[in-house]
2 protein chains.
Amino acid sequence: MSSIRAASTRARRTAILEAALDCFTTRGVDATTIEELCHQAGCSTGSIYHHFGNKEGIASGLFLHGIRSLNADLLRRLQHCQTAEQSVRMVVIQYCDWIHDNPELARYLLSFRDISFSATARLELQSTYHHHLAAIFRWFRPFVLREEIRTLPPEAYVPIISGPIQDYARHWVRGQFQLPPSAVKDVFAEAAWNAVRGPGAG
Amino acid sequence: MSSIRAASTRARRTAILEAALDCFTTRGVDATTIEELCHQAGCSTGSIYHHFGNKEGIASGLFLHGIRSLNADLLRRLQHCQTAEQSVRMVVIQYCDWIHDNPELARYLLSFRDISFSATARLELQSTYHHHLAAIFRWFRPFVLREEIRTLPPEAYVPIISGPIQDYARHWVRGQFQLPPSAVKDVFAEAAWNAVRGPGAG
DNA sequence: CATCATATTAGAATCTCATTCTAGGCAATT
DNA sequence: AATTGCCTAGAATGAGATTCTAATATGATG
């Protein structure tokens, strides 16, 4: 059920987030003023503060949106994987593909410092990450039980599998590396598989 | 040659950086005011702006200092390694040890993303990272040539070896993981070695 | 030793924003 | 049609980053 008001509220929120994504990635969060956001989103300061509370609320809202979209996409694509090796490689491949398909949002997620988020925003992020870890672990457990994947502390899997490509991507968005993640995804997928493959793996 | 003036300049800079480290890690960068820094460092605003230009200059100066100290420590400890496996494991172990020995600085480095740094600060960071990558690659090249370590794009080694433990540590400082890095260092050292060990390795 | 140039410090004055406040406007419900 | 509560606008406020001016201290030069 989408009343006229609910629809226009959604549209306004989206307009603000889009303006923020553009300004934040090009000029940086600190350098963009509320006035600029108002201009680009075509609204007033009152409207912005009504929807997001404060500037940090916009920044964390955008961050959370990006993380959730990224996580959901991974879980979706894992459904199509059969083997342990396919699944591990998919974690890396999907990350690269997602960056390729969502360049601005990726740039934002990868270049943000989140020490500045409020306590509630951090809690929300934390809970999102926690659920994601659990879902990932749930997917991989059968492979671990069959020893196709090495047994590790549960919290170690995500860092070990996707830490390298994330680190690479972080440097890439800053222009420190030439090749985009999509050009090195197979190298990193291979490394991830080698890092976790167990004795029972083909 | 350390004249009286040079010494007191160094002392003042250090006092400001120490105050910043304390305030930034406890309250966050945005939340600490220049006034607070003045009070804690025992100096005036004029002095701060003379030495660091602006608030961002303090933040990036502290960041650069931390990165350089971390990198130098790694290169020092690599000198004592003999084999490829020792060396790869050392990259992980040293990182954990350094975090353990420099908890505040580590907390600062790990909870910061540098989109907000100025262009010149970013360049300086970039060049520092570039030199570090080159030094690391220089150390590992002999092992790669002997195929004790797999051949990869040069830029991939550091992300693959230290990406996972960095990602783990980032979550740990936010309280998302219970075990400190030093408690899981062997797991991550093992994973790093498996990720890059070549056909010629024992 | 006197003088000058420069590095450093202090703290008041300014000025740029983030945020708050007040007053409406407009969909939905009765 | 009246009422309620969400939503918007834009002016007013206030905090705090930055700039400015003047003073002090160091070291170099003659």
Side-chain angles (χ1 to χ4, degrees), chain A residues 1-20 22-24 26-63 112-121, chain B residues 1-20 22-24 26-63 112 115-121:
Chain A
M1 261 324 67
S2 168
S3 66
I4 291 179
R5 172 175 281 174
S8 81
T9 292
R10 233 191 335 275
R12 178 53 54 93
R13 274 187 66 96
T14 305
I16 294 171
L17 284 181
E18 277 171 2
D22 188 29
C23 293
F24 287 175
T26 56
R27 251 155 295 157
V29 175
D30 291 346
T32 67
T33 67
I34 299 291
E35 201 182 0
E36 286 170 338
L37 290 181
C38 290
H39 182 261
Q40 187 142 350
C43 71
S44 68
T45 61
S47 198
I48 283 188
Y49 278 86
H50 174 73
H51 288 292
F52 291 97
N54 56 25
K55 193 173 175 179
E56 179 271 325
I58 308 173
S60 56
L62 191 55
F63 197 85
F112 202 82
R113 77 196 150 84
D114 53 4
I115 198 178
S116 60
F117 287 163
S118 71
T120 55
Chain B
M1 265 318 72
S2 169
S3 64
I4 291 178
R5 172 176 285 176
S8 82
T9 293
R10 233 190 335 275
R12 178 52 54 94
R13 277 187 63 96
T14 304
I16 295 171
L17 284 181
E18 276 171 4
D22 187 29
C23 293
F24 287 176
T26 56
R27 250 154 297 157
V29 176
D30 291 347
T32 68
T33 68
I34 299 293
E35 201 182 1
E36 285 169 338
L37 289 181
C38 290
H39 181 261
Q40 185 141 351
C43 71
S44 68
T45 61
S47 199
I48 283 189
Y49 278 86
H50 174 74
H51 288 292
F52 291 96
N54 54 26
K55 194 173 174 180
E56 179 271 327
I58 308 172
S60 56
L62 189 56
F63 196 86
F112 214 94
I115 198 179
S116 60
F117 288 165
S118 71
T120 55

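Since this is a predicted model, take the numbers as computed values, not measurements. Chain A is the first sequence line, chain B the second, and so forth, proteins listed ahead of strands; every chain is numbered from 1.
By the 4.5 Å heavy-atom criterion applied to side chains, A:E56 and A:V29 are not counted as neighbours.
By the salt bridge (charged side-chain N to carboxylate O under 4.0 Å, His left out) test, B:E35 pairs with no residue at all, sequence neighbours left out. Partners of A:R12 according to the side-chain hydrogen bond (donor to acceptor under 3.5 Å, both in side chains) rule, which considers only residues two or more places apart in sequence or in another chain, are A:S47. Residues satisfying the side chain to side chain contact (heavy atoms under 4.5 Å, CB included) test with A:A19, not counting sequence neighbours, are A:L37, A:Q40, A:A41. With sequence neighbours excluded, no residue forms a salt bridge (charged side-chain N to carboxylate O under 4.0 Å, His left out) with B:E18.
When the P atom of D:dG10 is taken as reference, atom NE2 of A:H39 falls 13 Å away, rounded to whole Å. Rounded to whole angstrom, the span from the CZ atom of B:R12 across to the P atom of D:dT26 amounts to 13 Å. Computed from coordinates, the A:I4 CD1 to D:dC7 P distance equals 14 Å when rounded to whole Å. When rounded to the nearest whole Å, the span between NZ of B:K55 and P of D:dA17 equals 4 Å. A:E35 places its CD atom 14 Å from the C1' atom of D:dA9, with the value rounded to the nearest Å. The separation between B:Y49 atom OH and D:dT19 atom C1' is 9 Å, rounded to whole Å. Rounded to an integer number of Å, the gap from B:D30 CG to D:dA15 C1' is 14 Å. Whole-Å rounding puts the B:I58 CD1 to D:dT18 C1' distance at 12 Å.
Residues of residues 40-48 of chain B that place a heavy atom closer than 4.0 Å to DNA chain C, in numerical order, are B:C43, B:S44, B:T45, B:G46, B:S47.
Listed here is the closest heavy atom pair of B:I16 and B:I48: CD1-CG1, 3.9 Å. For the residue pair A:F117 and A:A121, the shortest heavy atom distance occurs at CB-CB, 4.0 Å. Minimum heavy-atom separation, B:T32 to B:F24: OG1-CE2, 3.1 Å.
First and last contacts of DNA chain C with chain B, using any nucleotide atom under 4.0 Å from a protein heavy atom and ordered 5' to 3', fall at C:dT6 to C:dA12.
Phosphate contact (OP1/OP2 of D:dC6, side-chain N/O of A:H51, threshold under 4.0 Å): absent.
The residue A:T9 sits close only to the backbone: its heavy atoms come under 4.0 Å of sugar-phosphate atoms, none of a base.
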The test is side-chain contact (heavy atoms from CB on, under 4.5 Å); show your working for A:H51 and A:I58 and say whether it passes. CA-CA 9 Å; A:H51 288 292; A:I58 308 173; over 6 Å; no
